[in-house]
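Since the structure comes first, as structure tokens, the remarks are kept for the end.
Chain naming here is simple, since letters A, B, ... match the order of the sequence lines and numbering starts at 1 in each. What you are looking at is a predicted structure, and each value in this text was computed from that prediction instead of being measured.
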Amino acid sequence: MPQSYNPNEIEPRWQQRWAADDLYRAADFADDRPKWYALVMFPYTSGDLHVGHWFAYVGPDVHARYKRMRGYNVLFPFGFDAFGLPAENAAIKDGIHPADYTRDNVARMMAQLQTLGAAFDFSRKLETCDPDYYRWTQWIFLQLFKRGLAYKSRAPVNWCPKDQTVLANEQVIDGRCERCDTPVVKKELEQWFFKITDYADELLKFDGLDWPEKVVTMQTNWIGRSEGLEVDFKAITTSGDEAPMRIFTTRPDTLFGVTFMVLAPEHPLVARVTTDDRRADVDAYVAEARNASDIDRQSTEREKTGVFTGGHAVNPLNGERVPIWVADYVLMTYGTGAIMAVPAHDERDFAFARKFGLEVRPVISPEGEPVAEMTEPYIGEGTLVNSGRFDGLRAPQPAIEEINAHVKAQGWGEPTVAYRLRDWLISRQRYWGAPIPVVYCDEHGTVAVPDDQLPVLLPREVDFTPEGHSPLGSVPEFVATTCPTCGKPARRDTDTMDTFVDSSWYYLRYTSPGLAGAAFDPAAVDFWMPVDQYMGGVEHAILHLLYSRFFVKALRDGGMLAFDEPFTRLRNQGMIIHGGSKMSKSKGNVKAPDLMVHSHGADAVRLYMLFIAPWSDGGLWYDEGIDGTRRFLTGVHHLVTTSYPADDAAPLESAEERELVRLTHQTIRAVTEDIEHFKFNTYVASLMKLRNALQDAHRTELARSVEYRRAIDALLLLLAPAAPHLAEELWRVTGHDYSIHQHAWPTFDESLAAADEFELVVQVNGKVRDRVMLPVGTDEDHVRQTVLARPKVADLLDGRSPKKIIYIPGRVLSIVL
RNA sequence: GUCGGCGUGGUGAAACGGUAGACACGCCAGCUUUAGGAGCUGGUCCCGCAAGGGGUGGAGGUUCGAAUCCUCUCGCCGACACCA
């Protein structure tokens, strides 16, 4: 009696063997196979992997295994994003040190991962909190610093009152902290920034990248490039001087329609133009705006607010004096923080003008219509009116071009480009991160820590309760140092870096993990990079992916890399929903994959994750479904252990056998295409179909044929990426050489996959009326004759002759009466 | 508000413009009593005894033929959201 299927015995046995043999170790260099760098986004060390993680990894694992069987030298590494707030918050809550917390979590996650049986090359495992790693994060910071791409600046920044730290723009979602959902407020602080805006234009180029359109669109919108014109209006200050008041507009064609100006509350000119009688109101308004959260300020539902400063500015184009207002719908962080208001042709300005009774002056007239009383702003095309020498020009073009040229010639301003993208704020007032490697010297100012003094180690004994300033500041031994330039006493920077800095270059480190003398080995990077296929959640469409692209470009310009983009192909998996929401620890709806592995085996869990939904869509998790893949595997095990034909099995030459050969080759073809296109659900369905056919045959004569034997071999090879343990076990049971995972992918023969008969669908007036089995290759005349001779068809024709007959070979004959 | 994506059985889902519902889950009936979380056979979109008819959120359109393409509309999801 054959052994029954026992995954709990099979799986650990093979996992140990693979690990002992280093089966999944990528071969560096000396290898004539083409390289394939497959990468999954590394996880944060939250403590447990849930089915969402597994769903994200199993598809890529199948694809990587498939690539290896196709003859590629595959690099498929794994590591951990190990710095960050949650570890610190857990430390505060439970009194455990973040380093210990993180180490324990990594251990637990690794144990869970082992049970998955993935083909990760764990010899390259890295953790970003390891000094051997963050030493090089610091080194990269210094490379940017030395090239002027890292700078310190005082600016209004996003501050999370709960986490007590600043946040990057990208980490503010709907005005709330990405991590804890607390409404973010603005604070004026001196912080470190990376000059990502220097690369705004290049980051808009996605040439040669095979990325989801959605991600490209999101990044493009995030960067938000707008071409426009900067113009100096002349603000008349209370002291009687004239001060240039620079505005940015994308609609220079409406410059003659300006009826007032608006300054952002934080704009430095506010104080200089506000008259004494208006000062109390303006001060109160500015103070209120400063204290309001972004949520309150940015609500578009809210009615416009603002106050008149009492001051005026002069429009250089027509010499008119217009009032200057302050309103929070103008943002200090975009353009110049000041706008010209053209209520006739801008919705926001129109709403504001209506509310405060300001003039609305149309300067663009829609075709052939005189401008009547405006009830809403006119945004469309037209002809300039009330615009002096520009009257009669078509707007927007060529009016914009003409006015731009005029403004430039007069020296009032120049065409320019504005971006929504802002520089990346990377300093954090928290403990668990890579210290910023600079020193402040009274004499020499901000000094880079020399390379040979890296890493700047994170001290272990620190009171990291968040109090709004950096915990490292309260560790005198850390702060006190000497100036690398003069050797006199100096102070270390006490902030740490945003964890997105850590994750912006980890894919480079994987190419030469553990390298002591450099961040990465240029030869290894040259060999492996760029990543051929990057896989992960679409939630990183902006943050991580944009930052990583920036890093590669910045390092390239520093002469350290010879390519432009880190990730050639990007694929996003969908989300697994359970109990109505995305699975997360905080929502308490987490399914632990290791428990399911215990009860059903890793292969059944893997197969189910592939089968449950298209990988790119994600889907709902429901427990019952796993029984189906479990049954399938049990069936395959039973089938192979009870009916694998002997070596000397002979061909049968029967119709059933030809049918089996055909299905085998069709399955190889379908599976190959499905895996290439990340359609893992139909991949599994094809395997089930082949198994069902073998099952039907398994008590018949056919089960003793050589073709049955070949069909099983093919089934096992096709199954290997999805259910690596069972495939390996049955490969051994059937007497093949170890390891199935090093065996070549099966090939299909198009002529054997082709059917020799096909079912022709007969449509009459668009409706399916008949079906006829015909030999493949039947010529059209013969098809027509056969169909028209069918009694059913003849009945419908009823003596009439068809108006038209359309034949789609191999599929349909459509008769129109 | 703007821009994307998606609407198919009781459920997860298949379907180069060409047989809608592959492959599963669940359910129903029968058989069997256990290949380790039972198995096997059959059934399972709707109406109809049948012949047949209807059916992919809704309404139109293009086409010999539409789940698929176009227009409008409703619903859900996602991103951005006063960006001048």
Side-chain angles (χ1 to χ4, degrees), chain A residues 1-9 173-175 212-215 217-218 221-222 224-226 228 247-251 254 262 297-302 304 327-331 333-342 346-349 351-352 418-421 538-539 541-542 575 577 599-601 604 608 611-614 617 619-632 634-635 637-639 641-642 679 681-689 691-692 695 759-768 770-771 802-808 810-817:
Chain A
M1 198 60 196
Q3 191 83 36
S4 53
Y5 177 45
N6 181 1
N8 291 335
E9 186 276 321
I173 311 294
D174 291 336
E213 199 56 45
K214 179 183 179 162
V215 174
T217 305
M218 282 169 71
N221 292 342
W222 186 263
R225 183 181 199 274
S226 305
I247 60 98
F248 173 78
T249 179
T250 54
R251 294 297 304 273
T254 64
V262 188
R297 275 187 67 166
Q298 288 175 359
S299 168
T300 45
E301 307 302 313
R302 200 187 57 150
K304 298 256 178 299
D328 63 7
Y329 80 89
V330 175
L331 309 175
T333 44
Y334 182 79
T336 60
I339 63 158
M340 63 178 209
V342 185
D346 180 277
E347 283 183 36
R348 295 149 304 175
D349 298 346
F352 195 83
Y419 299 91
R420 214 189 78 101
L421 180 71
V538 73
E539 65 270 20
I542 295 170
M575 242 176 354
I577 307 288
S599 54
H600 291 89
Y608 181 49
F611 189 57
I612 186 171
D617 290 359
L620 297 169
W621 181 265
Y622 62 110
D623 291 327
E624 298 74 29
I626 199 168
D627 293 334
T629 55
R630 171 55 189 259
R631 264 173 226 157
F632 166 71
T634 304
H637 184 270
H638 180 245
L639 187 74
T641 52
T642 58
K679 290 167 72 181
N681 55 334
T682 48
Y683 155 47
V684 176
S686 292
L687 296 180
M688 288 175 165
K689 205 169 172 180
R691 177 258 163 180
N692 290 347
Q695 181 69 36
E759 189 182 54
L760 180 79
V761 170
V762 180
Q763 294 185 341
V764 178
N765 282 342
K767 287 193 195 300
V768 178
D770 201 4
R771 292 145 207 265
K803 200 183 285 176
K804 198 171 172 188
I805 296 179
I806 294 149
Y807 179 55
I808 309 297
R811 291 188 186 273
V812 172
L813 188 88
S814 189
I815 301 168
V816 189
L817 291 178

Can you check whether [X] has a side-chain N or O nearer than 4.0 Å to OP1 or OP2 of [N]?
| X | N | value |
| --- | --- | --- |
| K214(A) | G4(B) | no |
| S814(A) | G18(B) | no |
| R631(A) | G37(B) | no |
| S4(A) | G36(B) | yes |
| Y5(A) | G36(B) | no |
| R420(A) | C80(B) | no |
| N8(A) | G36(B) | no |
| R691(A) | A24(B) | no |
| K679(A) | A15(B) | yes |
| N692(A) | A24(B) | yes |

Residue closer to the 5' end of RNA chain B, A338(A) versus K767(A) (nearest nucleotide): K767(A)
Using a 4.0 Å heavy-atom cut-off across all strands, classify D346(A) as base, sugar-phosphate, or nothing. nothing
So if I take every side-chain heavy atom of W222(A) and compare against A84(B), A20(B), C80(B), which nucleotide ends up nearest? C80(B)
In terms of ring plane angle, is the pair F248(A) and Y334(A) parallel, tilted or perpendicular, where the classes change at 30° and 60°? perpendicular
Encoded 5' to 3' (Watson-Crick or G-U under 3.5 Å; [ ] crossing; | other strand), RNA chain B becomes (((((((..(((.....[....)))((((((.......))))))(((....)))..(((((..]....))))))))))))....
Any sub-3.5 Å donor-acceptor pair from R630(A)'s side-chain atoms to A604(A)'s backbone N or O? no
Is there a donor N/O on one and an acceptor N/O on the other, under 3.5 Å, for the side chain of E213(A) and the base of G4(B)? no
Where the chi angle of G9(B) falls, syn if within 90° of 0 and anti if not: syn
